Amino acid sequence: MKKSTSIICLLGCLVFLLQGCVFYTDNTETPTFQNITSENADKETTGEKTSGKEMSGEEAFEQDVTLKDYVSDLLSEEKNTNSTVIEENDASDTDGFEEKGYCFTQLSQEEKNVYAQVYHAITDRLEVSVSTLSTDFLDKVFNCVLYDHPELFYLDGYQCTTRSRNDVTVSLSFCANYIYDEEETLEYQQKLEREIETLLLSAPRQGSDYDKVKYVFDTIITNTDYVMNCVDNQNILSVFLYHQSVCNGYAKATQLLLNRLGVESVVVNGIADGESHAWNLVMADGAWYYLDTTWGDADFKDNRYQDVNPINYDYFMVDSQSLSKTHEVDRLVALPDCVARECNYYVHENLYLNGLDPEQLGEIFDRGYVLSAQTVQFKCANDAVYDEIYNYLVDEQHAFDYLDADNSITYVADENSNTFCFWLFN
C-alpha cells in the first residue's frame with residue numbers, strides 16, 4: 001500500500017506541475033516564469049540593432065539556463081512552421097571555440113557562451129537561439145564580437161527576435177544584418193587580402209612591438225584621408241580599398257594590421273572633444289597603451305600644415321592619465337590602467353623633456369636640421385614643465401636661438417598633450 005500511495009502522489013505532483021506552477025530565479029533582472037502551459041500560443045517580436053558607436057553597459061545578467069531549456073522544450077512543438085529555422089545551441093560551454101580577442105577574455109562564462117553563438121551565427125549566416133533572455137546582455141556580447149573582429153566588415157547590426165508567453169520572455173534569437181551578400185563578401189575579402197599583404201610587405205616583422213606599431217600608425221595615416229560620409233566609413237573597406245575613412249575605420253584597420261603583426265590590439269569607444277570617437281588599446285613590449293590613429297592624421301582637425309607635418313604623435317602610445325585629458329573611455333569590458341611610457345613616441349625618440357634644459361632643446365632642433373625635417377616635435381612631462389618651456393621659447397623668444405629664422409617662426413603648442421611643434425623652414 002505504501003508503494004502505491006507514493007506512485008499516486010508522484011502522478012499528482014506531475015499534473016500540478018504541468019497545469020500551473022510558478023518558477024522563480026535568484027536574479028531580479030531575469031523575468032519570472034509564471035503559469036506557462038502548452039496550451040498558450042507563442043508571441044514573437046523582432047527588434048533591430050545597429051552596430052553604432054555607443055556600447056552597452058558593463059554589467060552582465062545571470063541567466064537560469066536550466067529553466068530556459070525547460071521552457072524551450074515545452075514550446076518546441078508549437079513553433080511556427082512558416083518561420084525561419086532557428087538553430088539551437090548547446091549553451092553549457094565553449095568547447096571547440098577558439099577565441100583570443102581581448103573583449104572575449106574579459107567576459108563571464110555565460111557571456112562567452114553567447115559570444116560563441118553570436119560569432120557562429122554571423123560567420124555562418126544563420127539565425128540562432130541564444131542562451132540569454134536579456135537583450136542588454138546580447139547587445140553587449142554583440143559589440144564585443146565586433147570589437148574583437150575588425151574583419152567582419154560585411155554587417156552593420158542585428159535583429160533580435162523575442163518569443164514570449166503570457167507577456168513573459170521565454171527565448172531570444174539572433175540574426176545579423178548583412179550589407180553584402182556572400183558572393184560580394186567573398187569578392188571584397190579577396191581584394192582586402194591583396195591590399196593588406198601589400199601594406200605589410202615593408203613591415204618590420206622581426207622588429208620590436210614599438211617598431212611594428214609605428215609602422216602601422218604611419219602607414220594608415222599616410223594612405224588614408226579623413227573624410228566624413230565616405231563609403232563604408234564604419235569598416236575596414238574604407239581604409240584599405242577607398243583610402244578615406246573616419247575614426248571607426250581608422251581604429252579597425254589599425255587593429256587588423258597590428259594583429260597580423262602579432263601585436264594585440266582592440267577597438268575602444270568613447271567620447272573625445274564631446275563627440276563619439278574610436279581608438280585602440282594596444283599591448284606593446286609587455287605593457288598596455290592607448291593609440292589614436294585618427295588624431296594622428298593632420299586631415300582630422302587641421303590640414304593646413306599637412307604637407308610639412310602630416311603625422312601627429314601626440315596620441316601615439318599614451319598612458320591613461322594623458323588620454324583622460326581629452327578622451328573619456330566607454331568601458332564595455334574591464335580595461336587596464338595604462339601606466340607605462342617606454343613606447344610613447346616622445347619618450348622612445350628622446351623628445352621628452354622633464355624640465356627646461358636649453359642643451360637638450362638644442363640637440364632636438366639640431367637633429368631636425370641634420371635630418372632635413374620640416375618640423376621638430378617634443379613633449380613636456382607635465383603642465384608645469386610645459387608652462388616653463390612655453391615661457392622660455394615663446395614669451396622670451398629664445399626659439400630664435402635654435403631656429404634659422406630672422407623675423408618670424410611658425411609653431412603649434414598644445415596644452416592638452418603638453419607638446420610643441422616648430423617649423424624649421426618658413
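The structure displayed is predicted, hence computed values, not measured ones.
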Ring-face cation of K112 near F104 (centre distance under 6.0 Å, axis angle within 45°)
yes
Is there a donor in the side chain of Y315 and an acceptor in the side chain of T326, or the other way round, less than 3.5 Å apart?
yes
Measure centre to centre between the rings of Y352 and Y346, then say whether the value is under 6.0 Å.
no
Who are the salt bridge (charged side-chain N to carboxylate O under 4.0 Å, His left out) partners of D383, not counting sequence neighbours?
K325
Just by distance, with hydrogens left out, do T419 and D314 show a side-chain donor and acceptor under 3.5 Å apart?
yes
Heavy atoms from other residues, nucleotides or ligands near CD of E275 exceed 12 (cutoff 6.0 Å):
no
For a quick check under 3.5 Å, do Y210 and E349 share a side-chain donor-acceptor pair by atom type?
yes
Charged N to carboxylate O under 4.0 angstrom, K140 versus D136?
no
Ignoring hydrogens and angles, state whether a donor on the side chain of Q117 or S131 is under 3.5 Å from an acceptor on the partner side chain.
yes
Run the ring-centre check on Y313 versus F217 and record whether the distance is less than 6.0 Å.
yes
Pairs where residues 194-203 contributes a residue and the test salt bridge (charged side-chain N to carboxylate O under 4.0 Å, His left out) is met, not counting sequence neighbours:
E197-R260
Can you run down the salt bridge (charged side-chain N to carboxylate O under 4.0 Å, His left out) pairs that involve residues 386-409, sequence neighbours left out, and say none if there aren't any?
none
Do V263 and M283 pass the side chain to side chain contact (heavy atoms under 4.5 Å, CB included) test, and can you show the C-alpha distance, the side-chain angles, and the key distance before you say yes or no?
CA-CA 7 Å; V263 178; M283 165 69 80; 5.7 Å; no
Aromatic ring proximity, centroids under 6.0 angstrom, Y386 and F420
yes
